[in-house]
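Numbers for residues simply follow the sequence, beginning at 1. What you see is a predicted model, and the numbers here were worked out from it, not measured in a lab.
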Amino acid sequence: MELLIEEALWQPCWQGTLQGWQGQGNRWQLLRGRGGEQGAVTPAPWASCPPDGILSASGLLAAWLGEDESPLMTADPSRQILISASSVLLTLAKESGLLTLGPNGADMRLGADGDLAAALQRLLARRLMTPVLRESGEQGTATLVLRPLQATDEPAILRYCSDAALARYTLNIPHPYPPEAARDWLAMSGRKAALGLGRTWALTLPMGDELAPLLGVISLHWHGELAWWVGVPWQNRGLATRAARLVRAFAFEQLRLPALTARHMPGNLASGRVMAKLGMHHCGRRPGSVRQLAELDHWRLDRPPRLPDDLKEALAPWLEDERVAVVILHEDEVGGQEVALFMEGAGAGGEWRLPAGLTVRCHPLAWLAPETPGVQAHGGGVLLKDRGELGLGYLLRLRGEPGA
């Protein structure tokens, strides 16, 4: 890891932290602004932990804008952290894939009197590891392997995304595809993982020990949204469905996400078929987002519960009751199972013990409102019933948006 610290923000109280940082094999570089050389103090206030290098802010800006070259541009940007008070530097650093600390406008706040060690610990704790996911393998079928993205994937991404046939039905691939877009996309994918916002895998079909080339990509966002594309020469071979099944198992069994969601453009029937094969149900067509006003088809798959038949029968009256909006199966304090009902009317507040040993607690529907704290024990639960996205929104809020 590497820190880039703007000289104007450097604090003497950071010396101990920087000594420990370098002792762990990391680096830090001083970012000197215009006129910094003339104003240099001797001895330097960082003499006990000298930087591994000194950079000029103007040179770094030129490199980020593509006007000059810098050795920094060959490093993985998601493993670099800029500490600056400059809004221009912070903005360009984010666009280049770096993580940022600073008084305002950074990924995490760090003021002049801030604790550098604590800020670094919180920021680095958000980093997600992207595991390799592989099929168990069937005789006569090449094994699909999902691996983390590599810098060497840039030519393949550029080649596939430059195809108008792929861009036509993909939300975020422009056409024509700019030459630098693949590098920028790789940088932003690494930054998202470093900030805990999601993981992205390369779809590959390895034939030996060498790194297999990228054939497509699939992403899983922190809130459970799936997105993918497959290079045109590799479409209609079932790769997207197979990749989505691997990620589905990871999302439900390892991450315990409450649901998976996905969207596609109305004309993209192939993606709709993949979503249906994955077990998703179609939730309707509505605008995608503030930035994507076009109508999109929305799909959803809730994590399946593990309930014996006798408990399903015992819960059936509540599941069929129209006053009950949301039902969540979750663990209790001692590792057992409980059911939380959220309902309208006077029934809220009751508690029942089913013959099978399952406790059912009833809560007011108002508890699902965004401004309420919620019950942390419900986090990681499974939705047995949901009204619209009330329950899903509640469970995601309990998980907490990364960095919030």
Side-chain angles (χ1 to χ4, degrees), residues 64 66 76-78 94-97 130 144 146-195 197-205 212-244 246-247 260-278 280 285-299:
W64 283 338
D76 177 358
S78 71
K94 292 178 183 178
E95 292 177 353
S96 300
T130 302
L144 178 68
L146 306 184
R147 61 160 173 80
L149 296 169
Q150 307 283 343
T152 53
D153 292 326
E154 181 180 339
I157 294 170
L158 179 60
R159 181 170 67 255
Y160 292 135
C161 290
S162 296
D163 193 327
L166 178 64
R168 185 191 321 160
Y169 292 122
T170 310
L171 293 175
N172 298 313
I173 297 179
H175 188 78
Y177 195 68
E180 69 281 0
R183 182 195 64 215
D184 293 345
W185 182 82
L186 279 170
M188 294 310 296
S189 295
R191 174 177 155 79
K192 286 181 179 179
L195 291 175
L197 298 175
R199 299 171 169 89
T200 301
W201 291 266
L203 278 63
T204 69
L205 294 172
L214 176 148
L215 311 177
V217 301
I218 186 166
S219 298
L220 175 64
H221 298 278
W222 74 271
H223 51 71
E225 183 176 11
L226 277 177
W228 63 80
W229 60 257
V230 177
V232 171
W234 296 94
Q235 292 179 1
N236 301 313
R237 304 187 188 200
L239 293 180
T241 302
R242 292 161 62 185
L246 285 173
V247 178
L260 291 176
T261 61
R263 302 172 295 163
H264 69 80
M265 297 171 70
N268 190 356
L269 301 181
S271 286
R273 288 193 292 269
V274 172
M275 294 168 193
K277 290 177 183 177
L278 198 63
M280 290 182 160
R285 185 172 292 176
R286 55 183 185 267
S289 65
V290 175
R291 292 190 299 175
Q292 178 61 254
L293 297 178
E295 285 198 332
L296 302 173
D297 285 280
H298 289 245
W299 296 69

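- The distance from atom CD of Glu95 to atom CG of Asp184, rounded to the nearest 0.5 Å, is 9.0 Å.
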Verdict with reasoning, Leu239 to Leu205, per side chain to side chain contact (heavy atoms under 4.5 Å, CB included): CA-CA 10 Å; Leu239 293 180; Leu205 294 172; 4.3 Å; yes

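- Between atom NZ of residue Lys277 and atom OG1 of residue Thr241 there is a gap of 4.5 Å, rounded to the nearest 0.5 Å.
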Check against side chain to side chain donor-acceptor pair (under 3.5 Å), Trp234 and Tyr160: CA-CA 10 Å; Trp234 296 94; Tyr160 292 135; 3.2 Å; yes

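- Residue Lys94 qualifies as enclosed at atom NZ: its count of foreign heavy atoms under 6.0 Å is above 12.
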Trace of the side chain to side chain contact (heavy atoms under 4.5 Å, CB included) decision for Leu171 with Leu296: CA-CA 10 Å; Leu171 293 175; Leu296 302 173; 3.5 Å; yes

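- What you find for Ala165 and Val232 is that their closest heavy atoms are CB-CG2, 4.0 Å.
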Derivation and outcome, side chain to side chain contact (heavy atoms under 4.5 Å, CB included), residues Glu225 and Arg263: CA-CA 8 Å; Glu225 183 176 11; Arg263 302 172 295 163; 2.7 Å; yes

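- To the nearest 0.5 Å, the span separating NZ on Lys192 from OG on Ser78 amounts to 13.5 Å.
- For the atom pair CE of Met188 and OG1 of Thr200, the computed distance is 11.0 Å after rounding to the nearest 0.5 Å.
- Going from atom CH2 of Trp299 over to atom CE of Met280 covers 9.0 Å, rounded to the nearest 0.5 Å.
- Residues forming a salt bridge (Lys or Arg N to Asp or Glu O under 4.0 Å) with Arg273 (at least two apart in sequence, or on another chain): none.
- Judged by distance alone, the side chain of Asp153 and the main-chain N or O of Gln150 form a donor-acceptor pair under 3.5 Å.
- Proximity of Val274 to Trp228: side-chain heavy atoms (C-beta onward) are separated by under 4.5 Å at one or more points.
- The shortest side-chain heavy-atom distance between His221 and Thr261 does not fall under the 4.5 Å cut-off.
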Residue pair Thr130, Leu149: steps toward the side chain to side chain contact (heavy atoms under 4.5 Å, CB included) verdict: CA-CA 9 Å; Thr130 302; Leu149 296 169; over 6 Å; no

